[in-house]
Structures are given as structure tokens and as C-alpha cells.
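Report on the structure given below.
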Amino acid sequence: QEQLKESGGGLVHIGGSLKLTCEAPGFPMEHYAIGWFRQAPAKAREAISSISASGASTHYAFSVEGRFTISRDNSKYMSYLQMDNLKPEDTAVYFCATAPDLYIDSDTFQNPNLYDYWGQGTQVTVSS
């Protein structure tokens, strides 16, 4: 059974950077888009970015555009989320998830119901 695992979270000061990694060992990467989501306490899960199976197409939520960069390396079964200029409101548990590539575009990438496999999440805390 395919499984996803996030890593790279931690505690960082305002303006700092973190790079999250999503591992998907053995996953058929060439057919699946990858999305990154986050959930803060008492808040709904928020989609923040997605990347197409080939890596050619990326999408970002307005809240992170210009600060976060999504990428992937299919040969290593990995996706990455580089987070720069972090703010306290970025504090959350971050998840990666996969969806069939043809389902995901600029209008749909924020719909969590389209994603079928999820990781357990990694905590990111931005302190002031």
C-alpha cells in the first residue's frame, strides 16, 4: 500500500526558512500530482500548493505565493516544499497528498476531496 511521509518541520523564527520533504517510496509518481496542505489548530485544512506529475505545472495559494516553492524528483519518489520568509500565521501541521494528475489544475488543486493518499503531517512552528 502506498504511503506518504512528511519530514523537515520544526521551530523557526519569523523570517526564517524550512524545507519540507514528502517521501512516497514506490509510488507511481508519473501519474499523480502532489499537493501540500496545512492545518492550524481549530482551523480547516488549507491547500497551499500543488505540482503536476511532470513537474511542469505548479499552483500556489495566495497566502504563500512568492514565499513557498514546490518541487519534485520522481526518480527519488520525493516532493519538496521550500518555505521562506516564514510568518507566525504559517504555524500549522503540514501534509502532502497525491491525486490523479488529470484532476488537478488551478481551479481544483485546493479541493482536498480529490486527493486520495495522505501523509501523517509534520509540525511547523514560527515563533515571534
Atom pair CD1/OG1 of I51 and T69 - distance to nearest 0.5 Å: 10.0 Å
Flag, side chain of T122 to backbone of G9, donor-acceptor distance under 3.5 Å: yes
Same apolar cluster: F68 and F62, side chain cutoff 4.5 Å: no
Test item: T21 side-chain N/O and Y80 main-chain N/O as donor-acceptor pair under 3.5 Å: no
Reported CZ-to-CD distance for the pair F37 and E6, which is rounded to 0.5 angstrom: 11.5 Å
Check: A53 main-chain N/O paired with N74 side-chain donor or acceptor under 3.5 Å: yes
Six-ring centre of F95, R45 cation under 6.0 angstrom, axis tolerance 45°: yes
Spacing of E65 atom CD and I48 atom CD1 [to the nearest 0.5 Å]: 12.5 Å
Donor + acceptor pair across side chains of D84, S17 (<3.5 Å): yes
salt_bridge(R38, E46) N-O dist < 4.0 Å: yes
Minimum side-chain heavy-atom gap D116-P100 below 4.5 Å: yes
Atom CD of Q120 with >12 non-hydrogen neighbours under 6.0 angstrom: no
Closest approach of Q123 to A92 (non-hydrogen atoms, all atoms of both residues): NE2-O, 3.4 Å
Exam field: side chain T108 to backbone Y103, donor-acceptor pair closer than 3.5 Å: yes
Distance-only donor-acceptor check, side chains S106 and H59, under 3.5 Å: no
Exercise: do W118 and T98 side chains pair donor with acceptor under 3.5 Å: no
Pairs satisfying disulfide (SG to SG under 2.5 Å), at least one member in residues 64-99, at least two apart: C22-C96
Single-linkage hydrophobic cluster, 4.5 Å side-chain cutoff, F27 and I34 together: yes
Heavy-atom closest pair, residues A33 and I104: CB-CG1, 3.8 Å
Candidate pair S127 and V12, rule side chain to side chain contact (heavy atoms under 4.5 Å, CB included), full reasoning: CA-CA 6 Å; S127 68; V12 64; over 6 Å; no
Heavy-atom closest pair, residues Q39 and K43: NE2-O, 3.1 Å
Exam field: side chain R72 to backbone S52, donor-acceptor pair closer than 3.5 Å: yes
Any side-chain heavy-atom pair of L20 and Y94 under 4.5 Å: yes
Which atom of A47 lies closest to which atom of A61, heavy atoms considered: O-CB, 3.5 Å
Close side-chain approach of D73 and M29, heavy atoms under 4.5 Å: no
Nearest atoms (heavy-atom pairs only) where R67 meets L86: NH1-CA, 3.9 Å
Member of S79, S49, S50 meeting the side-chain hydrogen bond (donor to acceptor under 3.5 Å, both in side chains) criterion with W36: S79
Interatomic distance, S54 atom OG to E30 atom CD [nearest 0.5 angstrom]: 11.5 Å
Which atom of Y115 lies closest to which atom of A99, heavy atoms considered: CD2-CB, 3.6 Å
Test side chain to side chain contact (heavy atoms under 4.5 Å, CB included) applied to M83 and V124, step by step: CA-CA 10 Å; M83 306 187 296; V124 172; 3.8 Å; yes
Between CG on residue L18 and CG on residue L81, distance to nearest 0.5 Å: 10.0 Å
Approximate separation, where rounding is to 0.5 Å, of E23 CD and Q3 CD: 11.5 Å
Under 3.5 Å: donor-acceptor pair, side chain of Y60, backbone of I70: yes
